[in-house]
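Okay, structure first, notes after.
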Amino acid sequence: MKYLKHSAFLITSAIFLISCLDKNSKGRANTSAETEKSSKKYWPNGAQLVISVSMQFETGGQPEGAESPFSGTPLPKGQPDLAAESWYRYGANEGIYRMLDLWKKYDIKVTSHIVGSAAEKYPEIAKAIAAGGHEIAAHGMIWDNQWNKNYADELKFVKDGVETVEKITGQKAVGYNCNWLRRSPNTLKVLQEAGFLYHIDDLSRDEPFITKVNGKNFVVMPYTIRNNDIVNIEGKNWSPDQFLVQLKFEFDRLYEEGASKRRMMSISFHDRIGGSPAMVHAMKEFIKYTQEKQGVVFMRKDAIAQMVVNDPSTPIDTSEEQYNKE
């Protein structure tokens, strides 16, 4: 009887030990799986969220009657709208320089889409943008539509703008932005022929992707109208604090998603709007907010495009295939 009790004790002890070992093994397995999941990186540079800022330099390139705080009551054709012209000049006199100071303070490099005629009128500003280490990107020769141009005229329009800005800054653009994003069916073929790497006139994703143009990779860096000063501040009369809340909400969600997929946040400022004191202050607060998280990187769009153009993880989207081949 004593022997049976001793045997039963040993069996019970063995079962208990096996159970503990099994639980520990499962715990280690779970921990390992969680570690692997949390350590997986979806960007080649290991970031959890990439933020890219556009700084549009347009002052001096605007046509007569261009949108302004006064365009709702236009003056007769041929009558100069001196108030509207002064509003645009604010971007050259104050806005760009204030934003450049902010980017320098936080060592952020942005992408500046520059209208060719704006660079001609204010060459010192175009040079200052380039000297700050920011990307010089193209935005046409003047404010004009491209959707209604034939192939040859559109190609000339694009090349004229690129060459004008390159002569002033020494940098040749590889990224493009149409007037109000309105492309023609030929635009991407035109850009490919002109040697561009990417364009931004697309709103369809929250990460860069590849489209095929004549069978070759062409990068799409999605733009934003959600985090855009001309849409929300000028268009909807948001206050800068409302804009800041929008940026924070967008950031929080994209950062969370960035743990399990590739995410990019796009922000757009225009010289005469985003360069106001209140908007620059709002952006400063946003930058400080992003510094509370790890794995957040601000990058120029050309650097992002170069990083993803041949990355097999970059999505390929054929939605516009019918327009992008001969």
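Just so you know, residue 1 is the first one in the sequence shown, and it goes up from there.
Scanning all heavy atoms of the two residues, the minimum distance from P315 to R205 falls at CB-NH1, 3.9 Å. Nearest approach of S117 to I142, heavy atoms of both residues: OG-CG2, 3.6 Å. Annotation for M141 and D160: closest pair SD-O, 3.7 Å, computed over non-hydrogen atoms. Nearest heavy atom pair, residue S52 against residue R300, reads OG-C, 4.3 Å. When all heavy atoms of T314 and I210 are compared, the pair lying nearest together is CG2-CG1, 3.6 Å. Contact record, A173 with F196: O-CE2, 3.8 Å, taken as the closest heavy-atom pair.
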Let me see the working for V190 and Q146 under side chain to side chain contact (heavy atoms under 4.5 Å, CB included), right down to the final yes or no. CA-CA 11 Å; V190 164; Q146 288 179 227; 5.9 Å; no
Given D206 and R253, is the salt bridge (charged side-chain N to carboxylate O under 4.0 Å, His left out) satisfied, shown in steps? CA-CA 11 Å; D206 288 318; R253 182 61 195 178; over 6 Å; no
Would V110 and M99 count as a side chain to side chain contact (heavy atoms under 4.5 Å, CB included) if you check the C-alpha gap in whole Å, the side-chain angles of each, and the deciding distance to 0.1 Å? CA-CA 10 Å; V110 304; M99 285 190 282; over 6 Å; no
Take M221 and D302, measure what side chain to side chain contact (heavy atoms under 4.5 Å, CB included) needs, and give me the verdict at the end. CA-CA 9 Å; M221 297 289 297; D302 59 343; over 6 Å; no
Step by step, would you call D202 with T211 a side chain to side chain contact (heavy atoms under 4.5 Å, CB included)? CA-CA 11 Å; D202 188 289; T211 189; over 6 Å; no
Please step through side chain to side chain donor-acceptor pair (under 3.5 Å) for the pair N324 and N214, ending with a clear verdict. CA-CA 6 Å; N324 296 333; N214 290 323; over 6 Å; no
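No donor-acceptor pair closer than 3.5 Å links the side chain of D271 to the backbone N or O of I96. Not one N or O on the side chain of K127 forms a donor-acceptor pair closer than 3.5 Å with the backbone of Y122. Side chain of S112 to backbone of I114: no donor-acceptor contact under 3.5 angstrom is found.
With H134 as the fixed residue, the side-chain contact (heavy atoms from CB on, under 4.5 Å) test singles out one of L100, I108, T111, T169: L100.
A 4.5 Å side-chain heavy-atom check between Q62 and V115 finds every atom pair outside the cut-off. In this structure the side chain of E234 never reaches within 4.5 angstrom of the side chain of D229, judged on heavy atoms. The side-chain heavy atoms of Y323 and T187, taken from C-beta on, include no pair separated by under 4.5 Å. Side-chain contact between E207 and R263 is present, with at least one heavy-atom pair separated by less than 4.5 Å. When side chains are defined from C-beta on, N177 counts as touching D201, because their heavy atoms get closer than 4.5 Å. A heavy-atom distance below 4.5 Å is not found between the side chains of W43 and D311. Within the 4.5 Å cutoff, no side-chain heavy atoms of W147 are placed close to those of N179. The shortest distance between side-chain heavy atoms of I200 and H113 falls below 4.5 Å.
Around atom CD of Q291, more than 12 heavy atoms belonging to other residues, nucleotides or ligands sit under 6.0 Å away. The local environment of OH in Y151 is crowded, with over 12 non-hydrogen atoms from other residues, nucleotides or ligands closer than 6.0 Å.
Hydrophobic clustering keeps V174 apart from L155 (ILVMFWY residues linked when any side-chain heavy atoms are closer than 4.5 Å, directly or through intermediates). Both I267 and L181 are assigned to one and the same hydrophobic cluster, defined by single-linkage of ILVMFWY side chains at heavy-atom distances under 4.5 Å. At a threshold of 4.5 Å between side-chain heavy atoms, the hydrophobic network of Ile, Leu, Val, Met, Phe, Trp and Tyr places I304 and V219 in one connected group. In the hydrophobic cluster analysis, where Ile, Leu, Val, Met, Phe, Trp and Tyr join through side-chain heavy atoms closer than 4.5 angstrom, L102 is grouped together with V297. Linking Ile, Leu, Val, Met, Phe, Trp and Tyr whenever their side-chain heavy atoms come within less than 4.5 Å leaves L188 and F209 in two separate clusters.
Inspection of the W180 and E67 side chains reveals an N or O donor paired with an N or O acceptor under 3.5 Å. Judged purely by distance below 3.5 Å, without hydrogens or angles, the side chains of S268 and Y223 pair a donor atom with an acceptor atom. Side-chain atoms of S68 and R272 include no donor-acceptor pair closer than 3.5 Å. Side-chain N/O atoms of Y289 and D252 include a donor and acceptor closer than 3.5 Å. No side-chain donor from either of N186 and S184 sits under 3.5 Å from a side-chain acceptor of the other.
F269 and F243 have tilted rings, their planes meeting at an angle from 30° to 60° on a 0 to 90° scale.
Between the NZ atom in K212 and the CD atom in E321 there is a gap of 10.5 Å [rounded to 0.5 Å]. Atom CG of residue D241 and atom CE of residue M279 lie 10.5 Å apart, to the nearest 0.5 angstrom. Distance check, rounded to the nearest 0.5 Å: NE2 of H281 to CD of E285 gives 4.0 Å. Residue M283 holds its CE atom at 6.5 Å from CG of L247, rounded to the nearest 0.5 Å. Atom-to-atom distance recorded for I51:CD1 and S266:OG is 10.5 Å, nearest 0.5 angstrom. If you take CD on Q192 and NZ on K216, they are separated by 5.5 Å, rounding to the nearest 0.5 Å.
For the pair K149 and F157, the cation-pi test (distance below 6.0 Å, angle within 45°) is passed.
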